[in-house]
Protein chains: 2
Amino acid sequence: MAVHVLTVLAYKEGDRVTSAFLAGSVNTNPVIIRRLLLDLQRARLIETTKGAGAGSRLSRAPGRINLAEVFRAVEEHETFGRPSGKPNQACPVAQCMRDELDRVFASARAALESDLERTTLADLMKAARDCACSDKKNE
Amino acid sequence: MAVHVLTVLAYKEGDRVTSAFLAGSVNTNPVIIRRLLLDLQRARLIETTKGAGAGSRLSRAPGRINLAEVFRAVEEHETFGRPSGKPNQACPVAQCMRDELDRVFASARAALESDLERTTLADLMKAARDCACSDKKNE
DNA sequence: CGAGTATGTAATATCAGTGATTACATTTGT
DNA sequence: ACAAATGTAATCACTGATATTACATACTCG
(Lines give C-alpha, C1' and ligand atoms only; values in the text may rest on other atoms or scores of the structure.)
Protein backbone atom coordinates (compact mmCIF):
# COMPACT_ATOMS: atom_id res chain seq x y z
CA MET A 1 0.00 0.00 0.00
CA ALA A 2 2.86 2.36 0.81
CA VAL A 3 4.48 1.63 -2.55
CA HIS A 4 1.19 2.21 -4.29
CA VAL A 5 0.64 5.55 -2.59
CA LEU A 6 4.16 6.75 -3.30
CA THR A 7 3.87 5.77 -6.93
CA VAL A 8 0.71 7.82 -7.27
CA LEU A 9 2.51 10.75 -5.70
CA ALA A 10 5.34 10.23 -8.17
CA TYR A 11 2.86 10.48 -11.03
CA LYS A 12 1.50 13.75 -9.70
CA GLU A 13 4.97 15.18 -9.37
CA GLY A 14 4.91 18.49 -7.60
CA ASP A 15 1.17 18.60 -7.10
CA ARG A 16 -0.23 18.16 -3.62
CA VAL A 17 -2.50 15.14 -3.38
CA THR A 18 -5.14 14.68 -0.69
CA SER A 19 -5.59 11.59 1.42
CA ALA A 20 -9.10 11.26 -0.01
CA PHE A 21 -7.72 11.00 -3.54
CA LEU A 22 -5.12 8.44 -2.52
CA ALA A 23 -7.74 6.44 -0.67
CA GLY A 24 -9.75 6.30 -3.88
CA SER A 25 -6.80 4.92 -5.78
CA VAL A 26 -5.97 2.26 -3.22
CA ASN A 27 -9.64 1.54 -2.56
CA THR A 28 -9.47 2.11 1.16
CA ASN A 29 -10.34 4.66 3.82
CA PRO A 30 -8.73 8.14 3.99
CA VAL A 31 -7.82 7.59 7.63
CA ILE A 32 -5.81 4.50 6.76
CA ILE A 33 -3.95 6.57 4.20
CA ARG A 34 -3.31 9.38 6.66
CA ARG A 35 -1.79 7.01 9.20
CA LEU A 36 0.42 5.61 6.46
CA LEU A 37 1.42 9.12 5.39
CA LEU A 38 2.58 9.83 8.95
CA ASP A 39 5.07 6.97 8.69
CA LEU A 40 6.28 8.24 5.34
CA GLN A 41 6.66 11.74 6.78
CA ARG A 42 8.81 10.47 9.63
CA ALA A 43 11.01 8.74 7.08
CA ARG A 44 11.31 12.05 5.18
CA LEU A 45 9.94 10.48 2.03
CA ILE A 46 7.04 12.92 1.66
CA GLU A 47 6.01 16.39 2.80
CA THR A 48 2.50 17.10 3.95
CA THR A 49 0.70 20.41 4.49
CA LYS A 50 -2.57 21.04 6.28
CA GLY A 51 -5.54 23.18 5.44
CA ALA A 52 -7.48 23.98 2.33
CA GLY A 53 -5.87 23.00 -0.97
CA ALA A 54 -3.25 21.04 0.92
CA GLY A 55 -2.03 17.47 0.69
CA SER A 56 1.17 15.48 0.27
CA ARG A 57 3.97 15.23 -2.28
CA LEU A 58 7.29 13.45 -2.58
CA SER A 59 10.20 15.17 -0.89
CA ARG A 60 12.66 13.77 -3.46
CA ALA A 61 12.68 12.76 -7.11
CA PRO A 62 11.18 9.28 -7.72
CA GLY A 63 14.56 8.04 -8.92
CA ARG A 64 16.05 8.82 -5.52
CA ILE A 65 13.55 6.83 -3.43
CA ASN A 66 14.13 3.08 -3.29
CA LEU A 67 11.93 0.36 -1.88
CA ALA A 68 14.26 -0.43 1.01
CA GLU A 69 13.55 3.03 2.39
CA VAL A 70 9.84 2.42 2.01
CA PHE A 71 10.19 -0.94 3.73
CA ARG A 72 12.02 0.58 6.67
CA ALA A 73 9.53 3.45 6.92
CA VAL A 74 6.56 1.11 7.21
CA GLU A 75 7.88 -2.10 8.78
CA GLU A 76 8.78 -0.99 12.25
CA HIS A 77 8.17 -4.40 13.72
CA GLU A 78 10.46 -7.40 13.39
CA THR A 79 10.49 -9.19 10.06
CA PHE A 80 10.58 -12.59 11.75
CA GLY A 81 8.64 -13.76 14.77
CA ARG A 82 10.73 -13.96 17.88
CA PRO A 83 10.05 -16.65 20.49
CA SER A 84 7.23 -15.21 22.54
CA GLY A 85 7.66 -16.24 26.15
CA LYS A 86 10.71 -16.76 28.28
CA PRO A 87 13.01 -19.62 27.35
CA ASN A 88 12.89 -22.86 29.26
CA GLN A 89 15.78 -22.61 31.70
CA ALA A 90 16.24 -26.38 31.84
CA CYS A 91 16.85 -26.71 28.10
CA PRO A 92 20.39 -25.89 26.90
CA VAL A 93 19.17 -25.15 23.39
CA ALA A 94 16.60 -22.60 24.49
CA GLN A 95 19.26 -20.50 26.22
CA CYS A 96 21.10 -19.30 23.16
CA MET A 97 18.42 -19.67 20.55
CA ARG A 98 17.16 -16.11 20.90
CA ASP A 99 20.49 -14.39 20.41
CA GLU A 100 21.56 -16.74 17.68
CA LEU A 101 18.34 -16.24 15.74
CA ASP A 102 18.63 -12.49 16.13
CA ARG A 103 21.99 -12.65 14.39
CA VAL A 104 20.75 -14.85 11.57
CA PHE A 105 17.60 -12.84 11.01
CA ALA A 106 19.43 -9.52 11.04
CA SER A 107 21.61 -10.85 8.26
CA ALA A 108 18.63 -12.12 6.29
CA ARG A 109 16.84 -8.82 6.68
CA ALA A 110 19.92 -6.97 5.44
CA ALA A 111 19.99 -9.21 2.38
CA LEU A 112 16.35 -8.49 1.75
CA GLU A 113 16.82 -4.74 2.04
CA SER A 114 19.84 -4.84 -0.26
CA ASP A 115 17.67 -6.36 -2.92
CA LEU A 116 14.89 -3.82 -2.38
CA GLU A 117 17.40 -1.00 -2.71
CA ARG A 118 17.86 -1.86 -6.35
CA THR A 119 14.33 -0.75 -7.26
CA THR A 120 13.26 2.91 -7.17
CA LEU A 121 9.89 4.54 -7.58
CA ALA A 122 11.05 5.68 -11.01
CA ASP A 123 11.57 2.04 -11.98
CA LEU A 124 8.02 1.24 -10.95
CA MET A 125 6.66 4.21 -12.93
CA LYS A 126 8.50 3.04 -16.01
CA ALA A 127 7.15 -0.49 -15.62
CA ALA A 128 3.63 0.87 -15.20
CA ARG A 129 3.94 2.89 -18.38
CA ASP A 130 5.06 -0.18 -20.32
CA CYS A 131 2.32 -2.46 -19.07
CA ALA A 132 -1.05 -3.25 -20.53
CA CYS A 133 -2.66 -0.22 -18.94
CA SER A 134 -2.47 1.61 -22.25
CA ASP A 135 -6.27 1.51 -22.48
CA LYS A 136 -6.72 4.57 -20.29
CA LYS A 137 -9.43 6.81 -21.69
CA ASN A 138 -9.00 9.89 -19.54
CA GLU A 139 -5.75 11.77 -19.90
CA MET B 1 9.96 -22.17 16.83
CA ALA B 2 10.70 -24.47 13.91
CA VAL B 3 14.40 -23.70 14.13
CA HIS B 4 14.34 -24.29 17.85
CA VAL B 5 12.63 -27.67 17.48
CA LEU B 6 14.98 -28.80 14.73
CA THR B 7 18.00 -27.79 16.76
CA VAL B 8 16.81 -29.89 19.68
CA LEU B 9 16.35 -32.82 17.31
CA ALA B 10 19.88 -32.23 16.03
CA TYR B 11 21.18 -32.48 19.59
CA LYS B 12 19.41 -35.80 20.11
CA GLU B 13 20.83 -37.17 16.89
CA GLY B 14 19.29 -40.51 16.04
CA ASP B 15 17.04 -40.69 19.08
CA ARG B 16 13.32 -40.30 18.61
CA VAL B 17 11.98 -37.32 20.49
CA THR B 18 8.34 -36.93 21.53
CA SER B 19 6.22 -33.85 20.93
CA ALA B 20 5.77 -33.57 24.69
CA PHE B 21 9.52 -33.26 25.20
CA LEU B 22 9.85 -30.66 22.45
CA ALA B 23 6.93 -28.72 23.88
CA GLY B 24 8.76 -28.59 27.18
CA SER B 25 11.83 -27.12 25.53
CA VAL B 26 9.95 -24.48 23.58
CA ASN B 27 7.59 -23.83 26.50
CA THR B 28 4.42 -24.43 24.55
CA ASN B 29 1.73 -27.02 24.01
CA PRO B 30 2.40 -30.47 22.48
CA VAL B 31 -0.36 -29.95 19.93
CA ILE B 32 1.33 -26.81 18.61
CA ILE B 33 4.50 -28.84 18.20
CA ARG B 34 2.70 -31.65 16.42
CA ARG B 35 1.20 -29.26 13.90
CA LEU B 36 4.63 -27.82 13.28
CA LEU B 37 6.10 -31.30 12.90
CA LEU B 38 3.56 -32.02 10.16
CA ASP B 39 4.95 -29.11 8.12
CA LEU B 40 8.48 -30.35 8.67
CA GLN B 41 7.47 -33.85 7.61
CA ARG B 42 5.98 -32.59 4.35
CA ALA B 43 9.25 -30.78 3.68
CA ARG B 44 11.12 -34.08 4.31
CA LEU B 45 13.17 -32.51 7.05
CA ILE B 46 12.13 -34.99 9.75
CA GLU B 47 10.70 -38.49 10.05
CA THR B 48 8.01 -39.28 12.58
CA THR B 49 6.73 -42.61 13.85
CA LYS B 50 3.56 -43.29 15.78
CA GLY B 51 2.84 -45.47 18.73
CA ALA B 52 4.57 -46.24 22.00
CA GLY B 53 8.23 -45.25 22.22
CA ALA B 54 7.91 -43.28 19.01
CA GLY B 55 8.70 -39.68 18.11
CA SER B 56 10.56 -37.62 15.54
CA ARG B 57 14.14 -37.33 14.32
CA LEU B 58 15.99 -35.49 11.58
CA SER B 59 15.94 -37.18 8.19
CA ARG B 60 19.35 -35.71 7.31
CA ALA B 61 22.52 -34.67 9.07
CA PRO B 62 22.30 -31.22 10.72
CA GLY B 63 24.96 -29.93 8.34
CA ARG B 64 22.73 -30.70 5.39
CA ILE B 65 19.66 -28.78 6.58
CA ASN B 66 19.78 -25.03 6.03
CA LEU B 67 17.44 -22.34 7.30
CA ALA B 68 16.03 -21.54 3.86
CA GLU B 69 14.52 -25.02 3.78
CA VAL B 70 13.03 -24.45 7.21
CA PHE B 71 11.68 -21.11 6.09
CA ARG B 72 10.01 -22.62 3.05
CA ALA B 73 8.60 -25.50 5.09
CA VAL B 74 6.89 -23.21 7.56
CA GLU B 75 6.14 -19.98 5.67
CA GLU B 76 3.56 -21.08 3.16
CA HIS B 77 1.95 -17.65 3.00
CA GLU B 78 3.36 -14.65 1.16
CA THR B 79 6.26 -12.86 2.76
CA PHE B 80 4.81 -9.47 1.89
CA GLY B 81 1.22 -8.34 2.13
CA ARG B 82 -0.49 -8.14 -1.20
CA PRO B 83 -3.12 -5.48 -1.87
CA SER B 84 -6.28 -6.93 -0.40
CA GLY B 85 -9.26 -5.95 -2.53
CA LYS B 86 -9.61 -5.40 -6.22
CA PRO B 87 -7.70 -2.52 -7.77
CA ASN B 88 -9.48 0.69 -8.58
CA GLN B 89 -10.20 0.48 -12.28
CA ALA B 90 -10.14 4.26 -12.69
CA CYS B 91 -6.56 4.61 -11.40
CA PRO B 92 -3.81 3.87 -13.91
CA VAL B 93 -1.30 3.14 -11.17
CA ALA B 94 -3.49 0.52 -9.52
CA GLN B 95 -3.71 -1.52 -12.69
CA CYS B 96 -0.12 -2.70 -12.83
CA MET B 97 0.86 -2.38 -9.21
CA ARG B 98 -0.01 -5.95 -8.31
CA ASP B 99 2.06 -7.65 -11.01
CA GLU B 100 4.95 -5.25 -10.58
CA LEU B 101 5.07 -5.78 -6.82
CA ASP B 102 4.90 -9.53 -7.30
CA ARG B 103 8.05 -9.32 -9.37
CA VAL B 104 9.88 -7.10 -6.91
CA PHE B 105 8.85 -9.15 -3.89
CA ALA B 106 9.75 -12.45 -5.52
CA SER B 107 13.23 -11.09 -6.06
CA ALA B 108 13.48 -9.84 -2.49
CA ARG B 109 12.28 -13.15 -1.13
CA ALA B 110 14.88 -14.97 -3.22
CA ALA B 111 17.57 -12.72 -1.78
CA LEU B 112 16.33 -13.47 1.72
CA GLU B 113 16.36 -17.22 1.14
CA SER B 114 19.83 -17.08 -0.38
CA ASP B 115 21.08 -15.57 2.82
CA LEU B 116 19.28 -18.12 4.97
CA GLU B 117 20.81 -20.92 2.92
CA ARG B 118 24.21 -20.02 4.29
CA THR B 119 23.29 -21.17 7.83
CA THR B 120 22.74 -24.83 8.69
CA LEU B 121 21.48 -26.51 11.83
CA ALA B 122 25.05 -27.60 12.46
CA ASP B 123 26.12 -23.95 12.50
CA LEU B 124 23.48 -23.20 15.12
CA MET B 125 24.60 -26.15 17.25
CA LYS B 126 28.16 -24.94 17.15
CA ALA B 127 27.11 -21.42 18.14
CA ALA B 128 25.06 -22.82 21.02
CA ARG B 129 28.04 -24.80 22.29
CA ASP B 130 30.23 -21.71 22.27
CA CYS B 131 27.77 -19.43 24.04
CA ALA B 132 27.41 -18.59 27.68
CA CYS B 133 25.26 -21.64 28.37
CA SER B 134 28.24 -23.39 29.86
CA ASP B 135 26.61 -23.17 33.28
CA LYS B 136 24.47 -26.22 32.65
CA LYS B 137 24.39 -28.39 35.74
CA ASN B 138 22.76 -31.53 34.39
CA GLU B 139 24.72 -33.43 31.79
C1' DC C 1 -12.23 37.56 9.81
C1' DG C 2 -15.09 33.63 8.73
C1' DA C 3 -16.04 29.54 5.88
C1' DG C 4 -14.56 25.70 3.91
C1' DT C 5 -11.00 22.20 3.32
C1' DA C 6 -7.86 18.81 4.74
C1' DT C 7 -4.93 16.75 8.19
C1' DG C 8 -4.10 14.56 12.97
C1' DT C 9 -6.03 11.52 16.11
C1' DA C 10 -8.99 8.93 19.16
C1' DA C 11 -12.39 5.28 19.80
C1' DT C 12 -14.29 1.31 18.12
C1' DA C 13 -15.51 -2.74 15.12
C1' DT C 14 -14.17 -6.38 12.14
C1' DC C 15 -11.27 -9.99 10.46
C1' DA C 16 -7.35 -13.16 9.81
C1' DG C 17 -3.40 -15.58 11.71
C1' DT C 18 -1.05 -17.65 15.58
C1' DG C 19 -0.79 -19.83 19.79
C1' DA C 20 -3.21 -22.47 23.67
C1' DT C 21 -6.14 -25.97 25.45
C1' DT C 22 -9.10 -29.94 25.72
C1' DA C 23 -10.71 -34.02 23.83
C1' DC C 24 -10.62 -38.07 21.19
C1' DA C 25 -9.56 -41.54 17.46
C1' DT C 26 -5.68 -44.09 15.70
C1' DT C 27 -1.45 -46.40 15.49
C1' DT C 28 2.24 -49.08 17.54
C1' DG C 29 5.37 -51.49 20.72
C1' DT C 30 5.76 -54.48 24.84
C1' DA D 1 -4.71 -55.89 26.05
C1' DC D 2 -2.50 -51.88 27.73
C1' DA D 3 0.10 -47.93 27.51
C1' DA D 4 2.29 -44.45 24.78
C1' DA D 5 2.40 -41.33 21.28
C1' DT D 6 0.74 -39.09 17.05
C1' DG D 7 -3.07 -36.97 14.02
C1' DT D 8 -6.80 -34.01 14.24
C1' DA D 9 -10.95 -31.45 15.33
C1' DA D 10 -13.23 -27.81 18.06
C1' DT D 11 -12.85 -23.91 20.69
C1' DC D 12 -10.82 -19.74 22.89
C1' DA D 13 -7.68 -15.84 23.52
C1' DC D 14 -4.65 -12.55 21.65
C1' DT D 15 -2.49 -9.72 18.36
C1' DG D 16 -2.06 -6.87 14.13
C1' DA D 17 -4.08 -4.83 10.07
C1' DT D 18 -7.89 -2.72 8.02
C1' DA D 19 -12.29 -0.05 8.30
C1' DT D 20 -15.36 3.53 9.98
C1' DT D 21 -17.10 7.41 12.50
C1' DA D 22 -16.33 11.48 14.86
C1' DC D 23 -14.03 15.51 16.12
C1' DA D 24 -10.30 18.92 17.09
C1' DT D 25 -6.84 21.54 14.69
C1' DA D 26 -4.59 24.07 11.12
C1' DC D 27 -4.47 26.50 6.95
C1' DT D 28 -6.07 29.05 2.59
C1' DC D 29 -8.91 32.01 0.30
C1' DG D 30 -12.47 35.22 -0.51
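Chain letters run A, B, ... following the sequence lines, proteins first, then strands; residues in each count from 1.
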Rounded distance (Å) that lies between atom P of D:dA17 and atom CG of A:D39
10 Å
Separation of A:T7 OG1 from A:L124 CG (nearest 0.5 Å)
5.0 Å
Are any protein N/O atoms closer than 3.5 Å to N/O atoms in nucleotides 10-15 of chain D? If there are, list each pair with its distance.
none

Which pairs pass side chain to side chain donor-acceptor pair (under 3.5 Å) with one or both residues in residues 44-54 of chain B, sequence neighbours excluded?
B:R16-B:T49, B:Q41-B:T48, B:T48-B:S56
Over how many whole Å does the gap from A:I32 atom CD1 to D:dT20 atom C1' extend?
9 Å
In whole Å, I'd like the distance from the CG atom of B:L22 to the C1' atom of C:dG19.
16 Å
Counting only heavy atoms and a strict 4.0 angstrom limit, can you tell me which residues of residues 44-54 of chain B come near DNA chain C?
B:K50, B:G51, B:A52
Just to verify, what does A:R103 make a side chain to side chain donor-acceptor pair (under 3.5 Å) with, not counting sequence neighbours?
A:E100
All pairs passing salt bridge (charged side-chain N to carboxylate O under 4.0 Å, His left out) where residues 113-122 of chain B contributes a residue, at least two apart
B:R72-B:E113, B:R109-B:E113, B:D115-B:R118
Applying side chain to side chain donor-acceptor pair (under 3.5 Å) to B:D123 and not counting sequence neighbours gives B:T120
Whole-Å distance separating the CG atom of B:L36 from the C1' atom of D:dT6:
14 Å
Residue pairs passing the salt bridge (charged side-chain N to carboxylate O under 4.0 Å, His left out) test where at least one lies in residues 29-40 of chain B, sequence neighbours excluded:
B:D39-B:R42
Is the distance from OP1 or OP2 of C:dT7 to the nearest side-chain N or O of A:S19 less than 4.0 Å?
yes
B:N27 CG - C:dA20 C1' separation (whole Å):
13 Å
Is the phosphate of D:dT6, meaning OP1 or OP2, less than 4.0 Å from a side-chain N or O of B:R34?
yes
Can you see if the side chain of A:Q41 gets near the phosphate of C:dT7 - specifically, an N or O under 4.0 Å from OP1 or OP2?
no
Side-chain N or O of B:N29 versus OP1/OP2 of C:dT21: is the shortest distance under 4.0 Å?
yes
Just to verify, what does B:A20 make a side-chain contact (heavy atoms from CB on, under 4.5 Å) with, not counting sequence neighbours?
B:T18
Results of side-chain contact (heavy atoms from CB on, under 4.5 Å) for B:N29 - residues two or more places apart only:
B:V31, B:I32
Figure out the CD1/P separation between B:I33 and D:dT6, and round it to whole Å.
10 Å
Among A:I46, A:L40, A:L45, exactly one meets side-chain contact (heavy atoms from CB on, under 4.5 Å) together with A:L58. Which residue is that?
A:I46
Would you mind reading off the distance between A:R16 atom CZ and C:dA6 atom C1', rounded to a whole angstrom?
12 Å
NA contact type, B:L38, heavy-atom cut-off 4.0 Å: base, sugar-phosphate, or nothing?
sugar-phosphate
Whole Å only: how far is the CZ atom of B:F21 from the P atom of D:dA4?
18 Å
